[in-house]
Structure formats: C-alpha cells, structure tokens
Number of protein chains: 2
Amino acid sequence: MKLSAKGDYALRALMDLSMNYNQRLVQTKEISQNHSIPEKFLEQILRELKNAGIITAKSGQNGGYTLSRSPDKITFGEVIRVFEGSLSPIGCVSVKQYQPCTEETFCRFQIIMRRVREAVSDILDNTTLADVTGTPAKMDESNPDVYFI
Amino acid sequence: MKLSAKGDYALRALMDLSMNYNQRLVQTKEISQNHSIPEKFLEQILRELKNAGIITAKSGQNGGYTLSRSPDKITFGEVIRVFEGSLSPIGCVSVKQYQPCTEETFCRFQIIMRRVREAVSDILDNTTLADVTGTPAKMDESNPDVYFI
DNA sequence: TAGTTTCCCTATATACTTTGTCAACATACT
DNA sequence: AGTATGTTGACAAAGTATATAGGGAAACTA
C-alpha cells in the first residue's frame, strides 16, 4: 500500500514547479538539492512527467522545467497514476488499468479493495497541486518555509 | 499504492481458513491449488502469519492451519500490516510505523497523505474476515462458489 | 518402531526497483 | 564558432520483492 519512491519524488518535484509557475523555470539540480533526490534518478522522473504532458522542458542556459498547466489543473491522482499505473491496491478493481482477477469465480475480496480504491481516488483525484502549495501569488513571503515539503 | 503479492496471497489464504474455521484444518497444498499460489512461497507466508499470531499450525498427517481467533476478530488492516509494514502511503504519516520525513521543514504534502491513510485504515481496520466470507454456519451451501475468491 | 504426511527452516535463484555512471545531444549566451 | 549549461538515452550496480529447492522436525498411522 506504499507510494513508490518515484511517485513520492515526482510529487515533491511538482511542488517546486507549482510554486514557481509563471515565474521562472526550475532546474534539475535545484530540485535535487531541495529534496535530497538523486540527480540522475530525478532526471528520469522529470522526463516521464514531460512525456505524460504534465510538465514542459527547455534546454540550454537558463533552461529547466515548468508545469504544462496551472497547478489547479493537475491532480495528485493523475501524477500517481503515471508512476504507479493505478490507484487500486489490486489490478482487478482498477478502473483505468483493469486486469482480470486471477480467480475465475466471483471474489468478495474485490468488494473491499474496490471500496479502498474509491476512497483513495476520491481524495487524490480531487486534490490539486494548488490545493497544497497555494498559488505563487498567494505565497506568504514572510514564511516561505511553510510552502516547502 | 499497490498491495504486495505477499499481502494479496495472505488475504486469499485467510479466506480459506476463515471458511473452515472450527470445522477442519486446511493444508498448504489445498490453498496453493485454490488460488494458484506457488506452494513454497505460500509456506513462507503462512509461517509469517503464524509468527504474527493470526493462525496456528499443526504438523503431521491431517495437519494444517487454522485461524487463531474467530474470523470476526481478524481485520484486513492487521493482516496487511504484517506484510506491508504500514497502511500509510508514506512513512511520515504512519501511526504504527512512523518514520521521520526526509524533509526537515513542515510538509503540506503530508496532510494529503494523512487523509489517504485515514480513509484506508477506516475501511481496512473495520473490515474483518467474517465480513467477507460470512461465518461457516451461514454459508449458502447451494452456491458455495460465491464464498470462494 | 518404520513409514508417511505435513509443517518448519535456510539457502539460493530470478525479476524488478532504485540508484549511480557515462557519453552524447540541444540550447543560449559571448 | 566556442563554451557553458542543461537534457536525453543507454547501461551497470545495489537493493528489495518474488519465487524455487532441499533437507529437517513434528505428528499421525499401523
């Protein structure tokens, strides 16, 4: 029932991009240092986020990453699905990544796991980056730490 | 956000034991065949369940496993914690397996993950094996398949 | 007591995830 | 053009999860 390291790192990186949205590009090295994420591992993760259309990259001097959309249009659920494949604890109750159960007969076990998936997605699909970081315009400059994770 | 194979197998094995509670012992081979679980892998899992006090074992001919307590006293949450360590998606929001966050500063990210943990444990700590399998006495003998997973 | 069945234990193999390394490629500035 | 900075991709090492193998201990049968 754990979030993988990739999913965790991705969300933390997106916090940084969210807080700098419409202000500046953020570079791999900076994110890596902020959160103690191995730099090359982070590069792979950012590439996956780029390929998923969640962030965009710019090369060259003063390059870096930024969100493709405003933070209130990116949900935790969308991000986690990129790395975990699904929010479901087991594949046979997944909506977006359904896999048939290994058991042929009806499975009461599914009912519980389906309830777990629904509870989790209710939260994660209805929470956006903006809900967590606020928007840059609303940041409390006197206490910026509160916005770091 | 996935349940590990061990946790999945353990729950399925416990379904079998739950349905035969107070009736007969169930053997590794039978469980293994019912759910297509590798037999030697299942042995390890059953041993962990035994060491956790959830099931008891008896060696020898007509030996096998049975629940240590009645099915309505064993929750999904207790079982999953044996194998996953915690219901929390990340360690720093765990009640029973707390680990300090990698970030020193206050982490808003935690708030969301804490809500996920609470939603998950509300379900899994309040659902017992009996809720899923029924008690043997109440089984619908005319349609036993419905009780298999 | 010998034999069979079943659970118990340790070591090893395989696959996947995570982390680390290396060498190219792209962009922007001078 | 040259250079600094940053991205991309392939690959290797370490760590964890999953699966397999072989032998040992306990309990029943006869």
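Here is how names work: the chains are called A, B, and so on, in the same order as the sequence lines, proteins then strands, and each is numbered from 1. Bear in mind the structure is a predicted one, so any value in this text is a computation, not a measurement.
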Legend entry - Reported CD-to-CD1 distance for the pair B:Glu43 and B:Ile31, which is rounded to 0.5 angstrom: 11.0 Å
Is there a donor-acceptor contact under 3.5 Å from the side chain of [X] to the main chain of [Y]?
X	Y	result
A:Glu84	A:Ser4	yes
A:Ser32	A:Ile37	yes
A:Glu39	A:Thr28	no
A:Ser68	A:Gly53	yes

Inset, instruction - For nucleotides 22-30 of chain D, just jot down a letter per nucleotide in 5' to 3' order: B, S or -, based on protein non-hydrogen atoms under 4.0 Å. - result: BB--BBBS-
Hey, what are the protein-to-nucleotides 13-18 of chain D N/O distances that come in under 3.5 Å?
{"unit_1": "D:dT18", "atom_1": "OP1", "unit_2": "B:Ala5", "atom_2": "N", "d": "2.9"}

Inset, instruction - Write down the atom of B:Leu14, the atom of B:Leu129, and the distance for their closest heavy-atom approach. - result: CB-CD1, 3.9 Å
Legend entry - Heavy-atom pair of closest approach, residues B:Val116 and B:Pro89: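 Smallest heavy-atom distance, with atoms named: CG1-CG, 4.0 Å.
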Legend entry - Results of side chain to side chain donor-acceptor pair (under 3.5 Å) for B:Arg115 - residues two or more places apart only: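 If we apply the side chain to side chain donor-acceptor pair (under 3.5 Å) test to B:Arg115, skipping adjacent residues, there are no hits.
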Legend entry - Stepwise side-chain contact (heavy atoms from CB on, under 4.5 Å) test for A:Ser121 and A:Arg81: CA-CA 10 Å; A:Ser121 63; A:Arg81 283 197 185 83; 4.2 Å; yes
Legend entry - Nucleotides bounding contact with chain B, strand DNA chain C, heavy-atom threshold 4.0 Å: C:dT5 to C:dA11
Inset, instruction - Look at all strands and tell whether A:Lys2 reaches a base, only sugar-phosphate, or nothing, counting heavy atoms closer than 4.0 Å. - result: nothing
Inset, instruction - Could you identify which residues of residues 25-33 of chain B place a heavy atom less than 4.0 Å from some atom of DNA chain D, listed by residue number, or say none? - result: none
Legend entry - Worked verdict on B:Asp16 versus B:Tyr65 for side-chain contact (heavy atoms from CB on, under 4.5 Å): CA-CA 10 Å; B:Asp16 287 5; B:Tyr65 295 96; over 6 Å; no
Inset, instruction - Tell me, please, which residues at least two apart from B:Lys2 pass salt bridge (Lys or Arg N to Asp or Glu O under 4.0 Å). - result: none
Inset, instruction - Round to a whole Å and report the spacing from CD1 of A:Ile55 to C1' of D:dG6. - result: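 Spelled out: CD1 on A:Ile55 to C1' on D:dG6 is 13 Å.
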Inset, instruction - Find out if a path of hydrophobic residues (ILVMFWY) with successive side-chain heavy-atom gaps under 4.5 Å connects B:Leu49 to B:Leu25. - result: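 Different clusters: B:Leu49 never reaches B:Leu25 through Ile, Leu, Val, Met, Phe, Trp or Tyr contacts under 4.5 Å.
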Legend entry - Working for side-chain contact (heavy atoms from CB on, under 4.5 Å), residues A:Tyr9 and A:His35: CA-CA 8 Å; A:Tyr9 290 162; A:His35 308 288; over 6 Å; no
